[in-house]
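To find a chain, count down the sequence lines: A is the first, B the second, and so on, and within it residues start at 1. Only this structure's heavy atoms are used, side chains among them; waters, hydrogens and symmetry mates stay out. This is a predicted model, so every value here is computed, not measured.
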Number of protein chains: 2
Amino acid sequence: MTTMRTVPDASVARLPVYLGALGVLADRGDRTVSSDQLAEVAGVSAAKLRKDLSYLGSNGIRGVGYDVLLLMERISEALGLTSEWSVAVIGAGNLGQALAGYDGFAERGFKVQAILDDDAHVIGTRVADHVVQDLAELERIVGEKHIAIGIIAVPAVSAQQVCDELVAAGVQSILSFAPTVLQVPHGVTVRRADLSTELQILAFHADKEKL
Amino acid sequence: MTTMRTVPDASVARLPVYLGALGVLADRGDRTVSSDQLAEVAGVSAAKLRKDLSYLGSNGIRGVGYDVLLLMERISEALGLTSEWSVAVIGAGNLGQALAGYDGFAERGFKVQAILDDDAHVIGTRVADHVVQDLAELERIVGEKHIAIGIIAVPAVSAQQVCDELVAAGVQSILSFAPTVLQVPHGVTVRRADLSTELQILAFHADKEKL
DNA sequence: ATCTGTGAATTTCTTCACAGCA
DNA sequence: TGCTGTGAAGAAATTCACAGAT
C-alpha cells in the first residue's frame with residue numbers, strides 16, 4: 001500500500017489537460033518533453049506543472065524531461081482511467097442526443113451505455129446507436145450495465161428528481177447540465193456543466209474589456 | 001467613477017449560481033432571504049456567500065437579510081448582464097445544433113445571432129430558427145450582428161484555426177467545447193467547457209470512492 | 001434578537017529559487 | 001550543463017468570529 005498522497009483538487013482538475021496535451025505530442029511522435037514545453041502546450045506555468053506532477057510521485061528524468069508515454073500512463077492511473085467507465089445519459093432532448101453521440105467520450109474511455117427519458121413520445125426512438133429507454137427502468141439498467149456515472153441533460157425543473165433517482169439507483173458520480181444546484185448525500189460527487197453560467201462568467205470579463 | 005473593486009475570480013464564478021438560486025426564490029414569491037438560506041440553496045457556506053456579496057459593495061439589511069430582487073439586480077450589474085449579449089455558434093454538428101437551440105441562453109440574455117460551419121453540405125440547412133451560414137462570412141457577420149462572444153463547437157483539429165478567425169474578426173470572449181487548449185493573444189478570454197475533462201475529474205473521485 | 005459585513009486566522013494554491021541528479 | 005523535484009515564500013481563497021446596524 002503506497003502513501004496515498006492526496007492530490008489537491010486544483011491539480012486534479014488540470015491533469016486531464018496535461019493528458020490531452022501529451023496525446024498531441026505522442027501523436028506527433030515526440031518521445032520526451034520538458035516541463036517548459038509541456039507547460040506551454042497546456043497553457044500553465046512550468047512550475048505549476050512540475051508541482052502537479054510531483055503529487056503523482058512522478059518520474060521525470062533530470063536534465064532530459066518526461067517520457068511522454070510513461071507520463072500519460074501515470075496520469076491515467078492517477079485519474080482512474082485504466083479501465084472503461086460506463087455512463088448513462090438522462091434526457092433525450094437536443095443536448096442529450098448530442099452527448100449520447102459525442103465521440104470524445106468513447107475516445108477517452110467513457111462508454112455511453114444507455115440514454116433514457118420519461119417522455120413516451122421519445123422512448124423507443126433511436127439516438128446515435130441507442131434506443132431511448134424508459135427512465136422508469138433506470139435502476140435495472142444501472143445494475144445490469146454497471147453504470148458508474150450519470151449525465152443529467154433534462155430541464156431544470158426535473159433535474160433534482162432525476163438526480164435523486166440516479167443516487168437511489170446507486171450512481172455516485174453525476175455530471176449535470178441543468179442550470180440548478182443539486183442536493184446530494186455525502187459520498188456523491190456532482191459536477192455542474194452549466195452552459196449559461198460559463199457565458200455569464202465570460203460576460204463579466206467582456207464587460208471589463210470595454211473602454 | 002466608483003472604486004472599481006476587483007472581484008476575485010473565484011467569486012465571479014459563483015455569482016451566476018447565486019443569481020440562479022435567487023431566481024428560484026423570486027419565482028416562489030420570496031421577498032427577502034438570509035445568507036444562511038441563500039447559501040443553502042446555492043450549495044456554499046454562508047460566510048463565503050456573504051464575503052462574495054461584500055465584493056459587490058452589497059446591500060443586505062442587518063437583522064433581516066437581502067432583498068431578493070435588489071440582489072439579483074446588483075449581481076446582474078456586476079456580471080454585465082444588464083443588456084443582451086450577441087453570440088455566434090461555430091460548428092453545426094450535433095453539439096452546435098443543440099447549443100444553437102438551447103433555451104437557457106436566451107433566458108439569461110444571450111442571443112444566438114448566427115450558427116456557422118465550413119461544410120458545404122451543412123451551409124444553408126436550417127438549425128433551430130437559423131440558416132447555417134458559411135464560416136467564410138464570419139468577419140462580416142461579427143461586425144453586422146455585433147457578436148461579442150463566440151462558441152466553438154468544432155472538432156479538436158479545427159478548433160485553433162476557428163479560434164484565430166474569431167479573434168481576427170474581433171471577438172474577445174470565447175467559450176470552447178473542443179478538447180484542446182487554445183492559444184490566444186492578451187485581452188482575449190477563453191473558457192473551456194470540455195465535456196471529457198469533466199468526466200475525467202469525476203472518474204478520479206469515483207475511483208477514490210471504491211473500497 | 002437577528003443577521004450582515006469584515007478584519008483576522010487559517011487553509012489552499014501558486015510561484016520562487018535552488019539543491020541534486022543525469 | 002540542463003532540467004526535475006521540492007522546501008520555503010508569497011498570494012489567493014476560505015473560514016472564523018464578532019462588532020455593529022436594524
Using a 4.0 Å heavy-atom cut-off across all strands, classify B:S11 as base, sugar-phosphate, or nothing. nothing

Would you kindly give the CG-to-C1' distance between A:D67 and C:dA22, to the nearest whole Å? 15 Å

Here the distance between atom P of D:dC3 and atom CD of A:Q37, to the nearest Å, is 8 Å

Taking atom CD of A:E77 as the centre, does the number of heavy atoms from other residues, nucleotides or ligands within less than 6.0 Å exceed 12? yes

For D:dG5, take OP1 and OP2 only and decide whether either is under 4.0 Å from a side-chain N or O of A:Y66. yes

Look at the side chain of B:A10 and decide which nucleotide, out of C:dA8, D:dA13, C:dG5, has an atom nearest to it. D:dA13

Closest to the B:A47 side chain, choosing from C:dG7, D:dC16, C:dT15: D:dC16

Figure out the CZ/C1' separation between B:R50 and D:dA17, and round it to whole Å. 10 Å

Ignoring the backbone of A:K51, work out which of D:dT6, C:dG7, D:dA13 is nearest its side chain. D:dT6

Identify whether any heavy atom of A:D52 sits under 4.0 Å from a base atom; if not, whether one sits that close to sugar-phosphate; answer base, sugar-phosphate or nothing. nothing

Is the base of D:dT4 touched by the side chain of A:R62 through a donor-acceptor pair closer than 3.5 angstrom? yes

Nucleotide D:dC3, atom P - distance to CG of A:L71 in whole Å: 16 Å

Answer yes or no: does a side-chain N or O of B:S34 lie under 4.0 Å from OP1 or OP2 of C:dC3? no

How many whole angstroms separate atom CZ of B:R74 from atom P of C:dG5? 11 Å

Starting the side chain at C-beta, find the nucleotide from C:dT14, D:dT6, C:dC13 nearest to A:S54. D:dT6

